[in-house]
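What follows is one structure encoded as structure tokens, with my remarks underneath.
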Amino acid sequence: MRCDVVIVGGGIIGSAAAYELASQGVDVTVFDDPLSLGKATRAATGLLVVGRGQRVRTEHAQLLQLSLALFEPWIRGLEKRAGKELGFRRGSVLRVARTERESTRLRLAVELAVSRGEEAEWFTAEQVREAEPLLAEVEQYGAARFEIEAVVEPERLLDALRRGCQTLGVRILPEFVKGLEPTGLGWRVYGEERKVETDKVVLAAGFASIPLAQSLGLSLPLIPVRGISIAAVVPLKAQFAFTYAGLQVVPRQGTKVVVGSTLEKHEGLPVIAPAKLAELKRQSQSFFPWMARRIAVEVRCGVRPGSAIGRPIVAKVPRYPGLSVAVGHYRSGVVLAPLTGQTIREILFSERLSGAGLVWRWPED
Ligand SMILES: Cc1cc2nc3c(=O)[nH]c(=O)nc-3n(C[C@H](O)[C@H](O)[C@H](O)COP(=O)(O)OP(=O)(O)OC[C@H]3O[C@@H](n4cnc5c(N)ncnc54)[C@H](O)[C@@H]3O)c2cc1C
């Protein structure tokens, strides 16, 4: 079998890249390990946020903002193809201040955003209680809302992306990639059953890209960071998603919410550590009285592809013609998916880079 581009990994990043390439008529094959199928993506809570109310616009915050600006048209196109909505809601995230200090910082962030011409507002503690039933009994000092920030349901988004890919002719092979090798003219990718010849390969297998890169003598500066989130049915329907004391609460359909998430050193298998789960439960129950009356639906665990260089690694690999990587999105892979898809298409097939800031300059050695 032969195709233009093989993508290793069908999580949100590999799927976004495949969708973007196939939309432009590129012949794409995606290999996706059937045992982990979008592992980090399916555990994600689904907050599409820019930063934590910081006053300085870091390079990373600018990338997040750029991708968020692409999100709405991207998701509306996917919704049209899928014939259903994917839980995307702009302006629906409250950053709740737990302390007076936090409220000062967040109020300043709102003022700064407004002075830049962005839409943002400050809710007093009373307004928060009125607007969000799940925060009615929670101790807080008000909340900031930024219009650009949004929520989405990552699982439904991933399923819609994969279906969209298939509609556009992408072959999604449910196979673990054992290895890849340059052939002189291109690449040969070895799945468990099939092998595919291709001109270009994109390594987008999240933290599991590490051993594949190692097999080529490449070292990817990735730090796997495990995380747990809890899906629960709660007594009241949430109107907003919110962040509070490092926790995220994101509504799903009906009265279901996802509460997350832990940040754990990943030491091997992506299994749920009972002590970490107990800690997440204890913490969320101590803040949110309704968590004690929840019906737990599911506990999810994923491994975030953290980056040792503090930014995603989206790049062509020097000295390996035809090989690119799209990894290291850490806690923002869902937010950065549309920009990453677009950037991969541009670095593979065009000289013009609209998301130039996302492209990492791979150190030449
Ligand atoms: C608890 C938690 C909460 C999060 N919350 C948010 C959030 O609110 N907002 C946000 O933007 N981000 C969030 N994130 C981060 C986000 O989920 C990740 O950045 C993103 O999912 C990374 O996507 P990925 O495609 O790189 O990796 P993954 O989703 O892990 O996908 C990698 C894919 O590669 C496949 N694969 C691996 N090895 C191979 C192989 N050898 N051969 C073939 N296929 C292979 C796997 O099957 C998998 O499908 C969260 C993450 C976690 C864990």
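Start at 1 and go down the list; that is how both ligands and their atoms are numbered.
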- Message: Working note: Arg300 + Glu155, criterion salt bridge (Lys or Arg N to Asp or Glu O under 4.0 Å); need CA distance, chi angles, decisive distance, verdict.
- Response: CA-CA 12 Å; Arg300 296 212 174 134; Glu155 274 198 284; 2.7 Å; yes
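- Looking at Gly11, Gly179, Ser15, Gly227 and measuring to atom 31 (O) of ligand 1, the nearest heavy atom belongs to Gly11.
- Near Gly46, with a cut-off below 4.0 Å to any heavy atom, the atoms of ligand 1 are 7 (C), 8 (O).
- In summary, the atoms of ligand 1 found under 4.0 Å from a heavy atom of Ala208, numbered by their order in the structure, are 37 (C), 38 (N).
- At a heavy-atom cutoff of 4.0 Å, ligand 1 is contacted by the side chain of Ser261 but not by its backbone.
- At least one heavy atom of Ala43 lies less than 4.0 angstrom from ligand 1.
- For ligand 1, the atoms lying closer than 4.0 Å to a non-hydrogen atom of Val177 are 40 (C), 41 (N), 42 (N), 43 (C).
- Proximity to Ile12 (heavy-atom distance under 4.0 Å) selects the following atoms of ligand 1: 20 (C), 21 (O), 23 (O), 25 (O).
- Residue contacts with ligand 1: Glu175 is included, with a non-hydrogen atom under 4.0 Å away.
- Proximity of a side-chain donor or acceptor of Glu20 to a complementary backbone N or O of Pro338 within less than 3.5 Å is not detected.
- Between Pro305 and ligand 1, not a single N/O pair is under 3.5 Å apart.
- Of the heavy atoms in Arg226, none comes closer than 4.0 Å to ligand 1.
- With hydrogens and angles disregarded, a donor-acceptor distance shorter than 3.5 Å links the side chain of Gln140 to the backbone of Ala125.
- Distances from ligand 1 to the non-hydrogen atoms of Val335 include at least one value under 4.0 Å.
- Proximity of a side-chain donor or acceptor of Trp290 to a complementary backbone N or O of Leu134 within less than 3.5 Å is detected.
- Looking at Ser209, its side chain does come within 3.5 Å of a backbone N or O of Ala205 through a donor-acceptor pair.
- The atoms of ligand 1 that sit less than 4.0 Å from any heavy atom of Val334 are 10 (C), 11 (O), 12 (N).
- For a threshold of 3.5 Å applied to N or O pairs, the pair formed by Gly333 and ligand 1 contains at least one separation below that value.
- Per-residue contacts place Ile13 under 4.0 angstrom from the following atoms of ligand 1 (heavy atoms of the residue considered): 23 (O), 24 (P), 25 (O), 26 (O).
- The N/O atoms of Ser229, backbone and side chain alike, include none that comes under 3.5 Å of an N/O atom in ligand 1.
- Ring to ring, Phe123 and Phe242 are not that close: their centroids are 6.0 angstrom or more apart.
- Proximity of His329 to Val314: side-chain heavy atoms (C-beta onward) are separated by under 4.5 Å at one or more points.
- For atom 30 (O) of ligand 1, the nearest non-hydrogen atom from the set Ala40, Gly206, Ala44 comes from Ala40.
- If you look at Tyr330 next to ligand 1, the close heavy atoms, those under 4.0 Å, all belong to the backbone.
- For a threshold of 3.5 Å applied to N or O pairs, the pair formed by Arg304 and ligand 1 contains no separation below that value.
- Salt-bridge annotation for Lys276 and Glu264: absent, with no side-chain N of the basic residue lying under 4.0 Å from a carboxylate O of the acidic one.
- Between the side chain of Tyr330 and the backbone N or O of Ile223, no donor-acceptor pair lies under 3.5 Å.
- There is a side-chain donor-acceptor pair under 3.5 Å between Arg171 and Thr29.
- In this structure, Gln127 CD and Leu135 CG are separated by 13.5 Å, a value rounded to the nearest 0.5 Å.
- Here Leu212 has side-chain heavy atoms under 4.0 Å from ligand 1, and that is the only part of it that gets that close.
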